[in-house]
Structure formats: C-alpha cells, structure tokens
Amino acid sequence: MPAIDFYLLDITYRVAENKPIIVLFARTLDGKRLIIEDDTFRPYFWIIPKPGQLDNVQEKLTKLKIQNNAEVSEISRTEIRKKNLNGKEVEAIKAYTNLPRDVPVLREAVKVWDIIESIHEYDILFVNRYMIDTSLVPMTACTAEGKTENNIFKAEKIKPSEDPQTLADPNILSLDIETYNPEGKQMDMNKNPILMIALHGKEYKKVLTWKRFSTQNTYIEFLDSEKSLLERFVQIIKEQNPDILTGYYSDGFDLPYIKTRAEINKVNLDIGMDNSPLKISSGMTIKAYIAGIPHFDVFRFISKIIGRSLDTETYGLDAIAEEMLGIRKQEVDLDNLYAIWDNNPEELERFCTYNLHDAFLTYQLAVKNLPTIVEMVKIVGLTLYEVNRMGFSQLVEWYLLKEAKAHNQLAPNKPSSQQSKERLAKSYQGAFVFQPKPGLYKDIMVYDYRSLYPSIISSHNISPATFNCTCCSLSAKKVPLEGKEWWFCEKQKGFIPLLIEELITRRMRIKEILRESQDEFLKARSNALKLLGNSFYGYLGFYMSRWYSLESASSTTALARFYIHKVIDGAQAKGFEVIYSDTDSVFFLLKENPLKKATDFVAEINRDLPGLMELEYEGHYPAGIFVSAKLGPYGAKKKYALLSEKREIKIRGFETVRRNWSAVAKETQIEVLNIILKEQNPEKAFNCAQAVIRQLRERKVPCEKVIMYTRLQKEMASYEAIGPHVAAARRMQQRGQTIALGSLIKFIITPGSEKVRERVKLPDEVQEGEYDADYYIHNQVVPAVDKIFEVLGYSRENLVAPKDQKKLDAWFV
DNA sequence: GAGCATCGGGG
DNA sequence: GTGTACGATGCTC
C-alpha cells in the first residue's frame with residue numbers, strides 16, 4: 001500500500017453519511033500542501049457502573065436511543081476495560097457513538113441512571129481525542145498508508161514516523177492592519193475601513209493600501225478600494241501559502257476586523273486549505289481560525305505564557321519587541337492617520353513604513369517564540385493553534401489527558417459550577433518570606449532549591465491519587481501541617497508525580513548537553529519542560545482542574561516552608577546571619593567564615609534531601625542593599641538590589657524603576673545604587689543625589705529628563721479628579737489632538753503658585769529650564785532614593801537641605 | 001473589605 | 001461544538 005510522510009499542521013473533522021471523517025492538513029517533506037482524511041476513528045466516552053451493575057448498564061446502553069427531530073443518537077458499540085481512576089482500579093464501559101455530537105446527548109441520558117457510578121471523558125473535543133489516541137504529534141513527521149482519491153489522501157493507517165523530525169524553517173507570514181479611526185482608542189470595525197495591510201515573511205514584504213501617493217518604496221502596492229485591497233490580501237495568502245500565519249493580537253483585532261470588512265464589502269475570505277472561510281469565534285475570548293494554516297497570535301502566547309518571565313508589565317507590541325528583540329516600534333502620530341488619509345495623502349508613506357515595521361516586529365517575535373511553542377506542542381500533543389491559546393493550567397491538563405491514555409488512567413471530570421464555587425472559597429497557606437532587616441551588606445551568599453515545587457511533588461509523591469492512601473496510613477510520614485493527619489503513599493508512585501519526575505529528569509539531561517553546546521532548539525525544549533513542570537503545583541490548586549487537590553497543593557507549600565526553614569535554621573546554627581529568604585531561596589552573610597564552611601553546610605543539607613530535591617548555589621554577591629518598608633522599621637519584602645561578582649546590579653522590586661517616572665528620578669536611583677554597591681561609597685552616592693537636586697534647583701536639568709508619562713486609564717469625560725495628566729490631556733485636546741482611553745500623555749510641571757494641575761504644560765510648550773524644581777525634588781527624585789539613604793543613616797532632610805553630612809562609622813552592618 | 005465590573009491587546 | 005476564559009485592578013456598597 002502506498003505510504004506518505006508528512007508534517008502535520010492542523011486538524012479538523014467533517015461529517016459524511018452519519019460518519020465523522022478526520023481531516024488532517026499537512027505539508028509533505030518537499031514542501032507541498034496535502035489533505036489527508038481518516039474515516040476509521042469513532043467518538044466514545046466512559047461509564048463506570050455501580051458494583052454488580054456492569055451487565056445491567058451494558059444492556060441498557062445497547063437499547064438506548066434518543067430521538068431528537070430527525071437525528072437519532074445511540075450507542076453503537078461497547079467494550080469493557082479495566083482502568084485506573086485516581087489510584088483505584090475500576091471496571092469501565094467504553095461506549096462508542098456514531099457522531100461526536102451524540103456524546104453530550106447520550107451522556108445527559110445516562111447521567112441520571114442510578115445504576116451508574118460516574119461518567120468520564122465526555123467533553124474532550126473529537127479532534128483532540130484523535131490526537132491523544134493516535135499519538136500523532138503536530139509540527140513533526142508522521143506516516144500514513146492509503147491511497148489518493150481526488151487529490152485527497154485517504155488514510156487507512158496513520159502513525160508518527162520512525163524518525164519524527166520537527167518541521168524546520170516553516171514558512172511564516174505575519175500580518176498587521178491600519179484602520180481609519182477618527183475617535184482615538186475607540187474603534188468601530190463596522191463603520192471604519194481598513195486603510196493598509198502589511199505582510200512580512202522571510203523574504204517577503206508588502207504593504208497594500210488604497211489611496212495613491214508618490215513613493216519609491218517598491219513594497220507598497222496601491223489598490224483602488226477597500227474591497228480590492230481585501231481581494232488582493234486573499235490572493236497573496238494563497239500565493240504565499242504560509243505554514244503559519246502570525247499577528248500581534250490578530251485573534252482579537254486584525255483578523256476579526258478583516259472578517260467584518262470582508263462581509264461589508266462582500267469579499268470571499270476562503271483562505272482555509274479546504275477553501276473554508278476565516279472563522280471568528282466570539283465567546284468570551286475571541287479567536288480567529290483558518291483551516292489548515294495554524295494561526296499563531298504572538299500576543300496570546302506572550303501574555304499567557306512568556307510574559308511573567310519578562311521585565312515589562314505591559315504586553316504592547318512596542319514594549320515586548322523592545323525587550324525580546326531590542327527593537328522598538330516606529331513613532332508616528334496614529335491619532336492623525338485618519339486626517340492625513342482624508343486631507344494629505346502625500347504624507348501617508350510613513351504610515352506604510354510604520355505598518356510594515358509592525359509586521360516585521362511580529363514576524364521576528366514569531367520566529368523567536370516558535371521554538372518554545374513547538375516544543376510545547378510536542379509535549380502536549382495538540383496543534384499549535386490549540387496550544388497557542390492555552391494558559392498554564394490547560395497545558396498541564398492536556399498533557400495529563402494525553403498521558404492518562406498512555407497510563408491507562410481515566411480522567412476525573414471538570415468541576416460542576418457548585419464544586420468550583422466551593423473550591424474558590426477555600427484558601428491555604430503559601431510560601432514563606434523572611435522579613436529582611438534593612439541594611440547595606442557585603443558578601444551575601446544566595447542558595448536556592450532547584451525547581452522546588454516540582455521536586456517536592458515528585459519526591460513526596462504528592463497527588464490526589466496518593467493522598468491518604470489506605471496502604472500507608474500507619475507507616476507513612478505525615479505532612480508538616482498542624483492539625484492535619486495527611487500523608488502520601490510511600491509504596492506506589494502516583495501518575496502525576498511520575499510524570500513530573502519524567503519532566504524534571506528530561507530537562508536535567510538536556511541541560512547537561514547544553515553545558516557543552518548551545519543549541520537553540522534544546523534551549524527551547526528545556527524552557528518548555530521547565531514551564532510545564534513549574535505549572536503542576538498551580539494546577540493542583542486551580543479550581544477548574546480535573547485533577548484538583550487542595551490537599552496536594554497545600555502539602556506542597558507546607559513542605560516547601562519546611563525545607564526552607566531547614567536551611568534558615570541550619571545556617572543560623574552554623575553561625576551565618578540569614579538576612580533574607582523568599583519561597584525557595586536563602587540569603588546569608590559569609591562574614592568572617594571561610595567559603596568552605598558554607599559549601600560544607602549546603603552539602604550537608606543536600607545529603608538529607610529526598611529524591612530529586614537539591615539546594616543549589618545561586619551566587620555570591622559582594623554587596624547588597626535591603627531597604628525598609630513604607631511603614632515601620634522592618635525591611636520591605638521582595639525589594640532589594642545586589643551587586644554580582646560580574647559587577648552587574650540586580651534590582652528587585654524598586655517600583656520607581658518600572659513605573660512612568662521622569663528620567664531624572666529613574667537615572668538618579670540607578671546611579672545612587674551603582675555608587676553604593678560598586679564603590680561602596682555612600683557619601684559619594686549622597687553627594688551625587690544632592691548634585692542632582694542642586695542641578696534641578698539651578699534649572700540645569702534638560703527638559704526631556706523631567707517629562708512624565710502616563711497612559712490615560714479612562715475616557716476623558718469620565719475623569720472627576722483632574723490630576724496633572726488629565727490637565728495635560730485637556731491641553732492636547734485643545735490643540736486639536738484626539739485623546740481617548742489609552743492615549744499616552746507627556747507633560748511637565750512648570751513653576752508658579754497655582755495648583756499643580758494649572759501648571760502642567762506639554763513638552764513642546766516649555767523653554768529649557770522651565771520646570772518646577774521643588775516639585776521634581778520632592779515628588780520625583782527624593783522618593784526614588786530616600787529609602788536607600790534611610791538605610792545608610794541619612795535622613796530626608798539631609799538630602800534636601802544640605803548641611804554638614806552625618807558621618808557614619810560603619811557603612812556595612 | 002467583600003463583591004462586582006472592567007480591562008487587557010489592537011488604531 | 002464531546003469546551004467557555006483569567007487574573008489584576010478599580011469602583012461601589
């Protein structure tokens with residue numbers, strides 16, 4: 001029988017003659033598009049009868065028939081299987097139906113029978129069920145046997161290839177649109193047309209627009225209407241034939257916009273590989289699907305998965321591209337695009353450049369993030385489209401569902417709404433954070449537990465199935481939680497701890513290889529394994545989880561507290577001064593102790609740790625500063641700055657660095673920390689801060705350093721309190737600029753005796769030196785550094801009104 | 001302070 | 001479509 005090798009890109013199904021037919025969208029190894037159909041797979045779900053009712057249930061199932069208008073739902077076939085459900089062996093009936101849609105109908109009918117215990121896996125989408133049961137892995141090579149009919153390969157057998165290579169160098173095409181928008185942030189796709197569409201591929205650049213102007217740019221192509229622009233867009237997608245289509249928030253903006261405009265202009269958007277149209281599904285989250293072309297929304301992936309490991313707090317394209325690529329967006333005044341479109345089309349070129357640049361950034365971000373998402377696809381076993389739209393808990397859940405099949409486990413059900421409410425109402429104790437003592441320290445040793453939560457779950461066999469097992473009730477060690485008699489099985493490894501152990505050891509092996517050679521794909525795999533492994537703990541305590549277990553989640557944190565205390569107490573007993581600890585890390589001072597004493601101590605801790613748990617050396621920091629909290633004499637948690645051996649400053653939690661403070665405040669803070677930590681010269685740092693204050697007073701600070709930035713949080717009309725930024729926004733409106741929710745407001749506070757809001761001016765309205773020195777001193781520079789100097793014994797008054805400086809005998813505590 | 005509502009991203 | 005979102009933040013009572 002003819003066989004064919006292919007990369008699987010996407011999957012859907014259709015119904016013909018009361019049979020479901022799986023449709024696989026693939027790319028052959030030589031780059032051609034291919035549709036494969038498999039009509040051998042049938043929907044099913046599981047029923048567990050009550051004890052002694054197996055035959056009764058089975059017989060009743062065979063007779064079950066639900067008539068709904070012309071449609072009849074029935075169980076076509078049953079099988080009896082021994083399965084495992086949360087640690088218990090059960091006899092379950094596998095009930096097949098004709099069509100996927102029969103499953104919910106029949107489940108409703110069976111649900112009320114009093115001879116059944118429970119029903120399982122009735123809500124797993126048909127195509128996902130297919131992916132799990134066949135073990136096919138998207139983006140990697142698969143093999144099908146069968147024959148070609150009418151350009152469609154009819155598969156009889158289908159499986160992963162012997163050597164399942166990953167699709168290398170896929171053809172990615174990114175898109176970005178610009179729209180007519182006279183109302184600022186408020187957008188109306190039913191009213192306002194698309195003005196431009198930019199497309200960017202590896203060797204492809206194009207901007208389509210429908211107003212002519214003279215240009216030398218060959219990538220700009222003029223059309224004569226929005227309708228022809230959209231038609232040309234469809235044509236280009238078909239010509240370029242991308243393996244992946246990407247955009248930035250294209251789920252929620254670009255593609256829905258294109259869809260709406262295509263409907264208004266009566267343009268056929270049949271860009272699916274089966275000629276089906278672009279589908280926009282608007283539930284609570286809007287999604288854009290194209291059959292056969294995985295749609296990769298970079299924003300979705302970053303905001304759900306990658307974002308938390310980035311420094312940026314906003315997920316706008318500009319901030320993300322700057323952090324991940326080191327390239328920013330082009331600056332244009334988008335608020336005026338509509339006016340220029342109407343009145344000055346000769347000025348449109350820079351908007352086309354801007355449009356293309358956004359598509360370029362998106363393309364680069366897609367290339368950069370694809371390896372990680374592809375590794376996730378390979379672990380979880382669902383399509384890129386699906387994985388792209390999942391959060392951490394869903395990734396874990398689908399991974400568990402896939403592995404459940406392989407381990408003969410039945411999946412527990414999702415909670416009912418009643419159950420989720422009950423789960424939401426419960427909480428438990430989290431991580432331990434050591435209250436730091438404010439101070440400037442030297443020779444700080446930092447150790448942390450490697451993958452603390454995952455390694456606890458694995459090493460202590462934590463899972464719903466192993467919780468308070470009957471076999472170990474007397475012998476097992478209890479979880480260190482007061483008032484609880486909790487333990488986890490010590491005889492039989494649980495399904496979840498087994499998987500997490502696998503993830504950890506797989507990652508350890510990869511990291512071993514990575515020590516020798518830097519390989520981007522192995523790095524991505526390591527990253528994907530880490531992200532997934534770290535999500536198990538959260539998953540166990542997440543109220544929507546199938547394998548939810550509050551006992552497991554709270555035992556994990558209880559053990560984490562136990563193990564971190566072990567290090568804190570042990571270090572103190574050895575004579576080290578512990579200055580800080582948060583969740584999985586401990587900071588202590590070396591003082592006069594030799595380094596060997598610290599390494600010996602840590603080796604001793606490691607000897608007693610079970611399983612995969614390990615306390616690792618994180619670093620030695622020659623200097624570090626911990627500042628005090630807003631209130632009281634104790635130190636602020638999660639707020640410190642360290643100097644590494646490589647003489648790099650590591651700042652945590654100083655909010656002024658991140659927020660939209662003026663440059664003069666930010667720069668002063670960083671400079672002060674640098675001098676204190678690198679030169680260990682508080683006096684010089686103090687003088688530096690005083691010098692800045694003096695320069696402010698003498699109006700020598702350039703205006704660009706005193707500009708403040710705020711993004712409008714509300715529509716202008718809804719502001720009751722007129723803060724400086726609202727006053728600035730009003731000024732901008734008076735000058736004819738369109739201001740709405742989200743507009744970036746730049747302003748400067750100028751001198752005078754009126755209220756602050758009456759002294760707000762826009763950057764281009766002020767002369768050099770025209771700023772309110774007192775305002776910048778007291779509201780910007782001083783708050784940015786006063787906590788730092790407080791630690792050093794300088795008071796706020798010293799800083800602002802320079803007199804003789806206080807002399808400190810010892811800078812280091 | 002709990003409970004409800006909105007927002008994010010995009011032009 | 002064998003599915004329904006999520007976590008942070010602000011506003012109101």
Side-chain angles (χ1 to χ4, degrees), chain A residues 12-13 15 20 42-46 73 95-108 119-130 175-189 192-196 247-258 279 281-287 289 297-304 307-308 313-320 329 332-338 341 351 354-355 358 362 386 389-394 397-398 401 413-414 417 420 424-425 538 542-544 546 711 713-714 718 720 738 740-743:
Chain A
T12 184
Y13 80 96
V15 172
R42 294 291 173 270
Y44 66 87
F45 62 110
W46 294 94
S73 298
Y96 288 89
T97 69
N98 293 313
L99 292 177
R101 67 157 183 260
D102 295 330
V103 174
V105 175
L106 294 164
R107 180 231 167 190
E108 282 303 312
I119 312 178
H120 295 268
E121 301 184 18
Y122 48 77
D123 55 358
I124 294 171
L125 287 188
F126 187 56
V127 291
N128 292 346
R129 174 90 273 171
Y130 181 83
L175 89 162
D176 182 53
I177 66 169
E178 305 301 328
T179 64
Y180 187 83
N181 187 21
E183 287 150 293
K185 211 51 181 145
Q186 206 83 297
M187 291 185 240
D188 188 345
M189 45 181 91
N192 298 320
I194 295 173
L195 307 182
M196 298 166 188
Y248 200 84
Y249 197 47
S250 37
D251 254 355
F253 183 72
D254 304 74
L255 289 171
Y257 213 116
I258 287 172
K279 283 186 198 60
S281 54
S282 54
M284 278 314 289
T285 38
I286 187 166
K287 294 191 282 189
Y289 174 75
D297 185 336
V298 176
F299 165 74
R300 278 270 127 91
F301 185 59
I302 287 174
S303 64
K304 286 191 163 185
R308 291 171 63 181
E313 280 165 303
T314 54
Y315 297 144
L317 178 58
D318 188 45
I320 294 295
K329 274 173 73 123
V332 299
D333 190 3
L334 265 188
D335 291 340
N336 291 325
L337 170 57
Y338 80 95
W341 179 267
F351 289 95
Y354 166 85
N355 190 194
D358 275 6
T362 305
E386 292 276 334
R389 282 150 190 80
M390 288 178 183
F392 287 111
S393 52
Q394 279 179 89
E397 186 147 291
W398 282 105
L401 284 164
N413 293 321
K414 286 188 184 167
S417 64
S420 8
L424 266 177
F542 173 56
Y543 71 105
M544 291 294 281
R546 290 174 190 265
R711 218 165 263 287
Q713 299 297 318
K714 301 194 277 189
S718 56
E720 297 210 349
T738 319
L741 190 137
S743 296

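No experiment lies behind these values; they were computed from the predicted model shown. Chain identifiers are assigned alphabetically (A, B, ...) following the order of the sequence lines, protein sequences preceding nucleic acid strands; residue numbering begins at 1 within each chain.
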ask   = For the pair made of CG in A/Asp318 and C1' in B/dG9, what is the distance, rounded to whole Å?
value = 13 Å

key: Interatomic distance at C1', C/dT4 relative to B/dG11, whole Å   = 28 Å

ask   = Counting only distance, no hydrogens or angles, is the base of B/dG9 paired donor-acceptor with the side chain of A/Tyr249 under 3.5 Å?
value = yes

task = Look at all strands and tell whether A/Gly252 reaches a base, only sugar-phosphate, or nothing, counting heavy atoms closer than 4.0 Å.
result = nothing

ask   = Using a cut-off of 4.0 Å on non-hydrogen atoms, how would the nucleic acid contact of A/Asp251 be classed: base, sugar-phosphate, or nothing?
value = nothing

Just the table, please: protein N/O against nucleotides 2-9 of chain C N/O, every pair under 3.5 Å.
| residue | atom | partner | partner atom | Å |
| --- | --- | --- | --- | --- |
| C/dT2 | OP1 | A/Phe126 | N | 3.2 |
| C/dT2 | OP2 | A/Tyr13 | OH | 2.6 |
| C/dT2 | O4' | A/Pro100 | O | 3.0 |
| C/dT2 | N1 | A/Ile124 | O | 3.3 |
| C/dT2 | O2 | A/Tyr122 | O | 2.3 |
| C/dT2 | O2 | A/Asp123 | N | 3.0 |
| C/dT2 | O2 | A/Ile124 | N | 3.4 |
| C/dT2 | N3 | A/Ile124 | O | 3.2 |
| C/dG3 | O6 | A/Lys287 | NZ | 3.0 |
| C/dG3 | N2 | A/Gln394 | OE1 | 3.1 |
| C/dA5 | N6 | A/Met284 | O | 2.8 |

message = Using the ring-ring contact (aromatic ring centres under 6.0 Å, His included) criterion, which residues pair with A/Tyr289? Sequence neighbours excluded.
response = A/Tyr385

ask   = What interatomic distance, in whole Å, is found between C1' of B/dG8 and the corresponding atom of C/dA5?
value = 13 Å

request  = Quickly work out the A/Tyr248 OH to B/dG8 C1' distance and round it to whole Å.
outcome  = 11 Å

inquiry  = For A/Tyr249, is there any backbone N or O sitting under 3.5 Å from a side-chain donor or acceptor partner on A/Asp297?
reply    = yes

Nearest-angstrom distance from the residue atom CG of A/Asn355 to C1' of B/dG10 = 12 Å

task = Would you indicate what A/Asp358 reaches in the nucleic acid, counting non-hydrogen atoms under 4.0 angstrom: base, sugar-phosphate, or nothing?
result = sugar-phosphate

key: Rounded P spacing from B/dG10 to C/dC6 in Å   = 22 Å

task = Give A/Ile177 one of three labels, base, sugar-phosphate or nothing, depending on what nucleic acid heavy atoms sit under 4.0 Å from its own.
result = sugar-phosphate

task = For A/Asp335 and B/dG10, give me the distance from atom CG to atom C1', rounded to whole Å.
result = 14 Å

ask   = To the nearest Å, how far apart are A/Leu255 CG and B/dG11 C1'?
value = 15 Å

note = By side-chain hydrogen bond (donor to acceptor under 3.5 Å, both in side chains), A/Ser73 pairs with (sequence neighbours left out) A/Asp102

note = Whole-Å distance, A/Phe299 CZ to B/dG10 P, equals 7 Å

side-chain hydrogen bond (donor to acceptor under 3.5 Å, both in side chains) involving A/Lys329 - partner list, sequence neighbours excluded = A/Tyr354, A/Asp358

ask   = Please give, in whole Å, the distance from B/dG8 C1' to A/Arg300 CZ?
value = 10 Å

query = Among A/Leu317, A/Asp254, A/Thr362, whose side chain to side chain contact (heavy atoms under 4.5 Å, CB included) with A/Asp176 holds?
reply = A/Asp254

inquiry  = Please determine whether a side-chain nitrogen or oxygen atom of A/Lys329 lies at a distance below 4.0 Å from atom OP1 or OP2 of B/dG11.
reply    = yes

key: Under the ring-ring contact (aromatic ring centres under 6.0 Å, His included) test, residues paired with A/Tyr13 that sit two or more places apart   = A/Phe126

request  = Check the distance between C/dG1's P and A/Tyr289's OH and give it to me in whole angstrom.
outcome  = 11 Å

ask   = Which residues satisfy the side-chain hydrogen bond (donor to acceptor under 3.5 Å, both in side chains) test with A/Asn413, sequence neighbours excluded?
value = none

